[in-house]
Every structure is written in C-alpha cells, then in structure tokens.
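A short write-up of the structure that comes next.
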Amino acid sequence: TTSREINVRHYGAKGDGSTDDTAAIQAAITAAIAAGGGTVYFPTGTYKTTSALTLASGVNLLGASMLGSVIITAVTNIALRSGSGDVRLAIENLKLNGPGAGTNIGLSLVAGCADIKIKNVFFDSLNKAVYTNDTYNVEFDTCRVLGCPTGYDLTAASNAVSLTNCAMLGPASAAGLTFTASSALDVSGCAWEGSAPITISNGEGISIHGCYFENAPPIGGEGTSIASYINLGNAGSGSSSPGKGVRITGNLFNPGADVAIALRSVNGLSVTGNSFNNDDYAFEWYQYDTAPKLQIHIGTNNYNIGLAGYD
C-alpha cells in the first residue's frame with residue numbers, strides 16, 4: 001500500500017447529509033486503485049450513499065474520527081463491500097449509519113478477502129452490522145455496534161477473526177455474534193451489553209476472554225424464552241453443530257441473563273477464571289438436545305448467582 005491520500009471532497013463529495021455522495025466517493029476509491037493503493041480520506045461530515053461502495057485491495061478508508069465522519073446508507077443498501085479476493089484493506093475512524101429499518105448491511109466481506117483491519121468504526125442502526133463469508137485474518141479493534149438486530153454474522157469459512165476492545169450494545173434482538181462453519185475466533189476485552197448472545201455453531205478454535213456481559217435479551221430455547229450470554233451449538237432437539245475447542249476464561253457475567261453459558265453441543269470446552277454474577281445458572285445443559293457434549297473441563301470460577309451453578 002502506498003502513502004497516497006485522496007480526499008473525497010476533491011472528487012465532489014459534499015458531506016452535508018443530503019447530497020448523494022455515492023458517485024464521488026466511488027470515484028475517489030477508483031483513483032486510489034489506479035494509483036496502486038492508498039488512503040481515501042473522509043473529512044468531518046455526513047456522507048449520504050444510495051448504493052454500495054465497492055472496495056479493492058490496498059485501499060484504506062480513513063475518517064477524521066469515529067463520530068465525526070459518517071456514511072449513511074439506504075434501507076436495502078450495503079454501505080461498504082469488498083470485491084472478490086481483496087487483500088490488505090483497512091477501515092478506520094468512520095461511522096456507518098443505517099435508517100433503523102430494512103435489510104441493510106454496514107460491511108460485507110466475501111469471496112476470499114484476507115488481511116483486513118477494521119478500527120474505531122461505529123455501526124449504528126443497521127439491520128446487520130457485519131457480514132463475512134470466505135475470509136481470512138480479519139481484525140476488529142475498538143469497534144462499536146449499536147441498535148443493530150444482528151451484530152457480527154461470521155459464516156462459512158470466516159477464518160482467523162479477532163474482536164479486541166469492541167462493544168456490542170443493544171438492542172440486538174436477532175444475533176450478537178454468530179460464528180458458523182469457521183475456525184479461529186478470538187474475542188478479547190469486549191463488552192456485551194443488552195445484546196443477543198455469542199453463538200458458536202460448527203465453529204472451532206474459539207477463545208472468549210476478558211469480556212464483560214450484561215443484560216441479554218431473551219431468546220427461544222427448550223420451548224421457553226431465556227436469556228443467555230454464550231450459546232455453544234445450535235438450538236433444537238438433536239442439534240449436531242458443536243462448538244469445538246472452546247476456551248472461556250477471565251470473563252465477567254453480570255446480572256441480566258438467566259444463563260451465562262448454554263451448552264447445546266460442544267466437543268472440547270474449558271471454562272476457568274470467570275466470575276458468574278448472572279441471575280440464575282452459570283451453565284445450562286439442554287436436556288432435549290441429543291447432540292454430544294464432550295470433553296468439558298470446568299476449572300476454578302467465582303459463583304455469585306441466584307440458583308445453582310448448573311441446570
């Protein structure tokens with residue numbers, strides 16, 4: 001990547017919140033591509049878009065600050081999307097803002113993308129904040145998700161993904177983070193407040209450590225509605241999509257959930273050094289699920305909960 005910086009205002013973007021800046025921003029991105037890579041800079045302002053902005057290898061998007069440089073997207077739009085096989089992308093100091101309705105997505109990374117860095121990005125009022133499919137080495141650092149029914153949808157070979165010092169803030173009624181048919185997820189130092197849980201389905205090599213959980217909304221389970229912070233395996237009788245090689249260490253589970261960790265299906269789980277202060281149970285084994293729950297190690301944890309540690 002070169003050090004070339006391209007200002008979207010120089011390509012006609014107004015940043016006034018009402019002018020359609022889609023073509024101007026895409027022209028700035030295209031100029032960065034033609035230069036062999038570079039940084040597309042968004043001065044403080046609100047940039048309205050009406051169709052997806054398509055990224056490319058070696059192109060960085062940089063705003064003035066997380067709250068100062070805002071891209072707003074339409075009801076059915078993807079705000080930012082990768083091209084096929086894009087590598088070495090970076091997005092920093094931007095806010096991606098949706099209308100609070102529709103089927104929009106803040107960031108879509110697919111088709112062999114690799115080595116992606118997302119830092120200080122605020123996903124606000126989108127239907128889905130992030131969608132990844134067939135990616136490798138994607139880093140989220142100090143990002144915020146607010147008012148998005150689905151936070152992080154990491155699916156189908158979304159391998160080597162990390163979330164560091166990120167915040168998932170409610171209401172996220174559908175899914176806080178889903179990790180499906182993928183490997184190597186690291187969630188470190190994150191806050192999960194008022195959000196749907198982390199759900200691991202047929203994923204392996206997962207570490208969740210040093211995180212803070214509070215006030216999860218209820219979800220369906222065993223014919224009732226319960227609130228949990230981490231779900232291992234799919235819901236439903238006979239689920240056969242286990243989480244494999246899961247380490248849950250040094251987390252704080254505060255009040256606002258019936259269950260801290262729901263065990264639907266898992267093969268290889270270690271839980272140590274956590275503080276369980278949630279409302280009822282630290283762990284729940286789903287009795288109606290026939291899928292295996294194997295190689296579970298519950299080490300030393302602190303329990304200060306309403307009922308017994310296990311259900």
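Note: hydrogens, waters and symmetry copies are ignored here, and every other heavy atom, side chains too, is used.
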Taking all non-hydrogen atoms of both residues into account, name the closest pair between Asp280 and Asp258 and its distance. CB-O, 3.1 Å
Around atom CZ of Arg247, are there more than 12 heavy atoms of other residues, nucleotides or ligands at under 6.0 Å? no
For Val110, is there any backbone N or O sitting under 3.5 Å from a side-chain donor or acceptor partner on Ser82? yes
Gly147 backbone acceptor or donor facing Ser125 side chain under 3.5 Å: no
Keeping the roles fixed (side chain from Asp20, backbone from Thr49), state whether a donor-acceptor pair exists under 3.5 Å. no
Where the side chain of Asn277 meets the backbone of Pro255, is there a donor-acceptor pair that is under 3.5 Å apart? no
Out of curiosity, Asn120 CG to Met66 CE, how far, rounded to the nearest 0.5 Å? 4.5 Å
Which value, rounded to the nearest 0.5 Å, describes the distance between Ile25 atom CD1 and Arg9 atom CZ? 10.0 Å
For the OH atom of Tyr131 and the OG1 atom of Thr178, what is their distance to the nearest 0.5 Å? 9.5 Å
Nearest 0.5 angstrom please: Leu96 CG to Phe123 CZ, how far? 5.5 Å
Going by side-chain heavy atoms closer than 4.5 Å, which hydrophobic residues are tied to Tyr212, directly or by a chain of links? Leu252
Establish whether Leu62 and Ile116 are linked, either directly or via other cluster members, by ILVMFWY side-chain heavy-atom contacts under 4.5 Å. no
If I compare all heavy atoms of Arg144 with all of Asn165, which pair ends up nearest, and what's the gap? NH1-O, 3.2 Å
Consider only side-chain N and O atoms of Thr164 and Asp141, and report whether a donor and an acceptor are under 3.5 Å apart. no
Is Val161 reachable from Ile105 through a run of I, L, V, M, F, W or Y residues, each pair having side-chain heavy atoms under 4.5 Å apart? no
Is any NZ, NE, NH1 or NH2 atom of the basic residue among Asp115 and Arg88 found under 4.0 Å from an Asp or Glu carboxylate oxygen of the other? no
Compute whether any side-chain donor of one residue and acceptor of the other, for Asp16 and Thr19, lie under 3.5 angstrom apart. yes
Sidechain-backbone polar pair: Thr249 side chain, His209 backbone, donor-acceptor under 3.5 Å: no
When the ring planes of Phe276 and Phe253 are compared, do they come out parallel, tilted or perpendicular, using 30° and 60° as the limits? parallel
Closest approach of Tyr303 to Asn301 (non-hydrogen atoms, all atoms of both residues): OH-ND2, 3.5 Å
Nearest heavy-atom neighbours spanning Thr142 and Cys166: N-SG, 3.8 Å
Output yes when a side-chain donor or acceptor of Asp134 lies under 3.5 Å from a complementary backbone atom of Ala157, and no otherwise. no
